[in-house]
There are 2 protein chains.
Amino acid sequence: MSTRGRGLHGHVLDTLGPAITAGEYPPGSVLRTDELAQHFEVSRSVMREAVRVLESMHLVESRRRVGVTVRPKAEWNVYDPQVIRWRLAGADRPHQLRSLTVLRSAIEPVAAGLAAQHATAEQCAELTECALGMVANSRGHRLEKYLVHDVAFHRVVLTASGNEMFARLGDVVAEVLTGRTQHEVMFEDPDPAAVTLHVRLAEAVRERDAARAEELTRQITVGALEELDILAP
Amino acid sequence: MSTRGRGLHGHVLDTLGPAITAGEYPPGSVLRTDELAQHFEVSRSVMREAVRVLESMHLVESRRRVGVTVRPKAEWNVYDPQVIRWRLAGADRPHQLRSLTVLRSAIEPVAAGLAAQHATAEQCAELTECALGMVANSRGHRLEKYLVHDVAFHRVVLTASGNEMFARLGDVVAEVLTGRTQHEVMFEDPDPAAVTLHVRLAEAVRERDAARAEELTRQITVGALEELDILAP
DNA sequence: AGTCCCAAAAAGTCAGACTTATAAGTCACA
DNA sequence: TGTGACTTATAAGTCTGACTTTTTGGGACT
């Protein structure tokens with residue numbers, strides 16, 4: 001997924017992107033296109049294309065007679081899926097995971113409320129199916145399969161909200177959920193309470209109960225926040 | 001702001017970006033780099049850089065022997081500030097404005113709650129100052145000055161939340177508020193109730209009352225939704 | 001100290017030649 | 001007639017080298 005061979009400039013980005021987002025080049029650092037091109041053993045044209053992409057992500061700024069300067073973190077396009085992936089793969093993974101989980105806690109309840117109003121019959125069916133899949137794999141160390149259904153569930157909710165901005169967060173949520181299973185403390189079976197909440201949420205959406213869908217999702221996200229010790233006791 | 005002379009490729013983007021986001025080239029359309037280069041009277045290298053940027057925004061996909069194909073809207077990086085600006089400037093401005101306002105209604109209340117917990121003394125002061133500025137310009141057709149304080153107010157709240165993802169939405173909110181004042185039905189003075197809510201929100205944050213801050217912001221965003229006739233009665 | 005001017009530096013631009021992947025068409029064979 | 005292997009045309013991808021433009025830092029002169 002991340003190492004799709006989009007050509008040489010893609011390969012350069014796969015190295016340079018993570019390096020910058022990891023803070024390897026601190027803000028204000030100056031890179032020179034020619035040097036980078038030599039270092040990566042590509043032509044200047046290829047290097048320039050890579051720099052343009054980094055520039056469009058607001059990771060760097062290119063100025064004449066100065067070079068390519070790394071911008072402060074606060075200016076980065078932190079919603080760019082590529083940037084998110086790079087950061088999740090790097091050193092400030094925990095920090096990024098927290099930011100995203102807080103974001104989820106804001107978005108998903110509202111999205112669920114809207115989904116209850118706008119979901120098609122097909123989407124309701126998908127939701128129920130996913131919930132059942134979660135139940136079926138909630139015991140006996142079937143985390144992999146559980147995860148697949150969990151991701152699909154949240155993706156459907158976000159899509160069914162009918163809001164394009166919410167829908168596009170599906171990938172982000174997928175990254176967070178996947179990351180939690182793979183790298184965090186999730187060796188045991190998932191919390192039974194969480195599974196139940198998903199089942200009830202599917203019900204609420206099917207019954208067009210927006211308020212209940214929103215509240216149930218809020219409880220789900222509270223659980224996610226607690227897992228990361230974000231919540232004040 | 002939008003026509004920053006970042007070189008020739010920037011000029012190309014200023015034309016091509018809006019055209020694509022406006023749906024001028026429907027999804028699946030195939031462009032050819034050479035033709036575009038001729039059309040814009042730039043070299044292939046410059047054109048290629050522009051295409052790379054569009055590609056990083058997931059607006060287009062470049063494939064050998066095929067050309068540069070426009071991707072379906074559902075795959076665009078709709079959080080990219082540049083994409084947002086292009087869409088706000090184009091035909092589906094109303095649609096984009098609605099999406100963003102719904103997004104605000106999800107994010108800002110949570111952000112305000114966090115701001116109440118994390119805002120520094122300085123940020124509290126700024127907030128109060130902005131609220132006073134809003135009050136001072138809420139009557140007598142001073143929409144311009146009112147807007148400045150309104151934008152600054154929301155920006156401080158988002159920043160004070162301490163969450164980088166929220167903070168980066170400051171620009172988006174600014175665009176929405178500005179757009180509302182400039183192009184929508186806002187010839188009269190702002191709603192006094194809204195002004196009061198902002199003043200009370202500044203208070204709530206100063207007094208570290210997270211729950212109240214969240215609820216007040218929810219009311220503010222409900223007002224924004226009503227303005228666009230999004231809310232079900 | 002202040003101002004003007006120059007030269008170096010690095011990005012920006014261009015043109016042209018060459019390479020590579022691949023969609024699509026062609027043809028032979030079953 | 002259908003299928004698989006082969007060929008070809010095409011458009012992106014890559015590289016190189018020369019040239020232009022902007023900017024900054026410093027030096028000379030006041």
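A note on names: the letters A, B, ... follow the listed sequences, proteins ahead of strands, and every chain is numbered from 1. These numbers come from a predicted model, not from an experiment.
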Whole-Å distance separating the CD atom of A:E61 from the C1' atom of C:dA10: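 In whole Å, C:dA10 C1' lies 15 Å from A:E61 CD.
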
Residues that A:F166 engages under ring-ring contact (aromatic ring centres under 6.0 Å, His included), provided they are two or more places apart: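 Partners of A:F166 by the ring-ring contact (aromatic ring centres under 6.0 Å, His included) criterion come out as none, since no residue qualifies.
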
With the sugar-phosphate defined as primed atoms, P, OP1 and OP2, and the base as all remaining atoms, what B/S/- string results for nucleotides 4-16 of chain D, 5' to 3', for protein heavy atoms under 4.0 Å? -----BBSBBBBB

A:P109: what forms a side chain to side chain contact (heavy atoms under 4.5 Å, CB included) with it, not counting sequence neighbours?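 By the side chain to side chain contact (heavy atoms under 4.5 Å, CB included) rule, A:P109 matches A:E214, A:T217, A:R218, A:T221.
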
Please name all residues satisfying side chain to side chain contact (heavy atoms under 4.5 Å, CB included) with A:T33, sequence neighbours left out, ordered by chain then number.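 A:M47, A:R48, A:V68.
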
Show me the pairs that pass side chain to side chain donor-acceptor pair (under 3.5 Å) and involve residues 126-136 of chain A, at least two apart or across chains.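 For residues 126-136 of chain A: A:T128-A:R206.
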
Partner set under side-chain hydrogen bond (donor to acceptor under 3.5 Å, both in side chains) for B:H9, not counting sequence neighbours: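 Listed in chain order: A:R52.
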
